[in-house]
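Below is one structure, written out as structure tokens; comments come after it.
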Amino acid sequence: MKHEDRRKESGKMLMDVTKYLLTVGIIGGVLTERLSYFTGAILFMIAVVVFIVGFYSIPPKREES
């Protein structure tokens, strides 16, 4: 695959974005006491979408024979 390394790094970056999004969103919402169920659900759905995009952008390992 021509861009395997780029895809792998992009996928890792998107996985990190998911972690940071959830961490900052939840901690920020708890500290400001403004985290509602709606905001939490939207934040979670965005994190899931970013995680799925990151997961599928990482190329599968090739079996060398």
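Atoms considered below: every heavy atom in the structure, side chains included; atoms not considered: hydrogens, waters and symmetry mates.
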Residues two or more places apart in sequence or in another chain: which of them pass side chain to side chain donor-acceptor pair (under 3.5 Å) with K8?
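None.
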Among the clusters formed by ILVMFWY side chains lying less than 4.5 Å apart, do M13 and I46 turn up in the same one?
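Looking at the clustering, I46 is in the same group as M13.
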Establish whether L31 and L43 are linked, either directly or via other cluster members, by ILVMFWY side-chain heavy-atom contacts under 4.5 Å.
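No: no chain of side-chain contacts under 4.5 Å links L31 to L43.
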Return each pair, listed once, that meets salt bridge (Lys or Arg N to Asp or Glu O under 4.0 Å) where at least one residue sits in residues 17-44; pairs must be two or more places apart or across chains.
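Found D16-K19.
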Which Ile, Leu, Val, Met, Phe, Trp or Tyr residues join [X] in one cluster when any pair of side-chain heavy atoms under 4.5 Å counts as a link?
{"X": "M15", "result": "F44, V48, F51, I52, F55, Y56, I58"}
{"X": "V24", "result": "none"}
{"X": "Y20", "result": "none"}

Strictly distance-based, threshold 3.5 Å: is any side-chain N or O of T39 a donor or acceptor partner for the main-chain N or O of L35?
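Absent.
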Test log, rule salt bridge (charged side-chain N to carboxylate O under 4.0 Å, His left out), inputs R6 and E9
CA-CA 5 Å; R6 289 183 185 177; E9 290 303 316; over 6 Å; no
Just verifying a value: how many Å separate L14 CG and L21 CG, rounded to the nearest 0.5 Å?
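L14 atom CG to L21 atom CG measures 11.5 Å (nearest 0.5 Å).
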Please name all residues satisfying side chain to side chain contact (heavy atoms under 4.5 Å, CB included) with F38, sequence neighbours left out, ordered by chain then number.
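Checked F38 against side chain to side chain contact (heavy atoms under 4.5 Å, CB included); matches are S36, I42.
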If I compare all heavy atoms of G11 with all of S57, which pair ends up nearest, and what's the gap?
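Answer, listing the atom of G11 first, then S57: CA-OG, 3.1 Å.
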Does the pair R7/E4 count as a salt bridge with the N-to-O cut at 4.0 Å?
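Salt bridge flag = no for E4 with R7.
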